[in-house]
Student: 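Sharing a structure, written as structure tokens. Questions coming.
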Amino acid sequence: MTAKQRDTRQGPRTRAHGRTRGRRGDILDAALVLFNEAGYNLASVQDIAVAAEASIGSVYHHFEGKEAIAAAIYVEGLADYHRGLLRTLDRERETAEGTIKAIVRHHLGWVKRNRELARFLFTSRDPEVAGAAFDELSGMNRRLFDAVRRAMEPWVEAGDVQRLPTALLYAVVLGPSQEFSRHWVAGRVKQSMAAVEPVLADAAWKAVRA
């Protein structure tokens with residue numbers, strides 16, 4: 001969610017934090033690159049300040065500490081992903097197959113457009129970050145699953161889609177795409193997103209159709 005961006009002021013912001021502005025945005029952009037390249041544990045607030053061309057005081061003015069910076073990247077990145085998926089669910093309502101395949105297309109397209117951010121979302125497992133973002137992420141996930149459930153219910157009732165718990169349905173639909181994306185951002189696979197999209201979309205539909 002990764003081609004490495006060395007220029008922290010131009011690369012990640014256009015992809016990962018297009019809506020951020022000013023010093024806060026500089027800090028998030030610099031931190032994203034450092035977390036991906038050095039790892040969360042090895043990147044210090046001092047490192048982030050230097051990379052962002054900001055003072056330590058400026059960093060602490062915007063964030064309580066490194067975990068808060070990482071949590072902000074995680075929450076804002078996932079929020080952007082969710083907004084796109086919710087728009088997809090609102091737009092794709094003609095057929096169950098079209099809806100399922102559109103979910104896969106959104107996932108792969110978002111990862112392609114936000115490779116550095118996707119890489120961070122896939123690899124960030126630090127307990128400090130998870131704790132700092134827990135409440136916001138829990139609420140976001142509940143809202144997303146509610147939207148998926150509402151979107152799928154007509155197709156379930158019509159007998160087009162299997163009746164599964166929403167979290168399980170979501171995992172079945174996006175599991176293969178998620179796994180491919182993890183390998184793609186790490187540079188372990190050579191296939192393009194365009195090449196695998198129809199295969200993964202078709203697999204998702206076959207996995208959940210009734």
Student: Between Gln162 and Leu169 (side chain of the first, backbone of the second, donor and acceptor by atom type, cut-off under 3.5 Å), is there such a pair?
Tutor: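 A pair under 3.5 Å: no.
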Student: At their closest point, which heavy atom of Ala68 faces which heavy atom of Glu64, and how far apart are they?
Tutor: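 So the two residues come closest at CB-N, 3.9 Å.
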Student: How far does CD1 of Ile27 sit from CD of Glu53, to the nearest 0.5 angstrom?
Tutor: 12.0 Å
Student: With a cut-off of 6.0 Å (strictly less than), are more than 12 heavy atoms of other residues, nucleotides or ligands near CD of Glu157?
Tutor: yes
Student: One pair to check against side-chain contact (heavy atoms from CB on, under 4.5 Å): Glu67 and Tyr40. What are the steps and the verdict?
Tutor: CA-CA 9 Å; Glu67 68 277 6; Tyr40 172 80; 3.3 Å; yes
Student: Compare every heavy atom of Arg182 with every heavy atom of Phe122, then report the nearest pair and how far apart it is.
Tutor: O-NH1, 3.1 Å
Student: Say whether Ile56 and Ile69 are linked into one hydrophobic cluster, either directly or through other cluster members, by side-chain heavy-atom distances under 4.5 angstrom.
Tutor: yes
Student: Distance-only, no hydrogens or angles: does the His106 side chain make a donor-acceptor pair with backbone N or O of Tyr81 under 3.5 Å?
Tutor: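 Here the side-chain-to-backbone pair exists.
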Student: Do Val50 and Ile73 belong together in a cluster built from hydrophobic side chains that touch within less than 4.5 Å?
Tutor: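 Different clusters: Val50 never reaches Ile73 through Ile, Leu, Val, Met, Phe, Trp or Tyr contacts under 4.5 Å.
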Student: Would you list the atom pairs, donor with acceptor, under 3.5 Å between side chains in residues 139-153 and any protein atom, with sequence neighbours excluded?
Tutor:
{"residue": "Asn141", "atom": "ND2", "partner": "Leu137", "partner atom": "O", "Å": "3.2"}
{"residue": "Arg143", "atom": "NH1", "partner": "Gly139", "partner atom": "O", "Å": "3.4"}

Student: Shortest non-hydrogen contact from His107 to Ser181?
Tutor: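 So the two residues come closest at NE2-OG, 3.4 Å.
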Student: At what distance, to the nearest 0.5 angstrom, does CG of Leu108 lie from CD of Gln178?
Tutor: 10.0 Å
Student: With side-chain contact (heavy atoms from CB on, under 4.5 Å) as the test, would you mind laying out the steps for Trp184 and Lys112 before giving the verdict?
Tutor: CA-CA 9 Å; Trp184 187 82; Lys112 181 180 179 180; 4.2 Å; yes
Student: At their closest point, which heavy atom of Leu78 faces which heavy atom of Leu121, and how far apart are they?
Tutor: N-CD1, 4.2 Å
Student: So, for Arg23 and Ala54, which heavy atoms are closest and what is the spacing to 0.1 Å?
Tutor: CD-CB, 3.5 Å
Student: Is it the case that the side chain of Asn36 and the backbone of Glu116 share a donor-acceptor pair, with hydrogens and angles ignored and the cut-off at 3.5 Å?
Tutor: yes
Student: May I ask you to decide if Ala31's main-chain N or O and Lys66's side chain share a donor-acceptor pair within less than 3.5 Å?
Tutor: no
Student: Is the count of non-hydrogen atoms from other residues, nucleotides or ligands lying under 6.0 Å from His61 atom NE2 greater than 12?
Tutor: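 Not buried by this count: 12 neighbours or fewer within 6.0 Å.
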Student: From Asp26 CG over to Ile48 CD1, what is the distance, rounded to the nearest 0.5 angstrom?
Tutor: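 Rounded to the nearest 0.5 Å, the CG-CD1 separation comes out at 13.0 Å.
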Student: Atom CG of Leu32 and atom CG of Asp29: how far apart are they, to the nearest 0.5 Å?
Tutor: 7.5 Å
Student: According to a hydrophobic-cluster definition based on side-chain heavy atoms being under 4.5 Å apart (Ile, Leu, Val, Met, Phe, Trp, Tyr only), do Val199 and Met193 belong together?
Tutor: no
Student: Which of parallel (below 30°), tilted (30 to 60°) and perpendicular (above 60°) describes Phe35 and Phe120?
Tutor: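 Rings of Phe35 and Phe120: parallel, under 30°.
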Student: Do Ser44 and Asp47 have a side chain donor and acceptor closer than 3.5 Å?
Tutor: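 Indeed, the side chains of Ser44 and Asp47 share at least one donor-acceptor pair under 3.5 Å.
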Student: If you apply the rule side-chain contact (heavy atoms from CB on, under 4.5 Å), what do you find for Tyr60 with Val45, and how did you get there?
Tutor: CA-CA 9 Å; Tyr60 281 108; Val45 172; 3.7 Å; yes
Student: Show every side chain to side chain donor-acceptor pair (under 3.5 Å) that has at least one partner inside residues 197-210, sequence neighbours left out.
Tutor: Asp202-Lys206
Student: For Lys101 versus Glu97, what's the shortest heavy-atom pair and its separation?
Tutor: NZ-OE2, 2.7 Å
Student: Is Arg24 reaching over with its side chain to a backbone N or O of Phe63, donor-acceptor style, under 3.5 angstrom?
Tutor: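 Not at all, since once roles are kept as given, no pair shorter than 3.5 Å links the two residues.
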Student: Does a side-chain N-to-carboxylate-O contact under 4.0 Å join Arg83 and Asp80?
Tutor: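 So Arg83 pairs with Asp80 through a salt bridge.
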Student: Grouping I, L, V, M, F, W and Y whenever their side-chain heavy atoms are under 4.5 Å apart, do Val189 and Val111 come out in a common cluster?
Tutor: yes
Student: Set out, in order, the CA-CA distance, both residues' side-chain angles and the distance that settles side-chain contact (heavy atoms from CB on, under 4.5 Å) for Val156 and Leu164, then state yes or no.
Tutor: CA-CA 9 Å; Val156 172; Leu164 299 170; over 6 Å; no
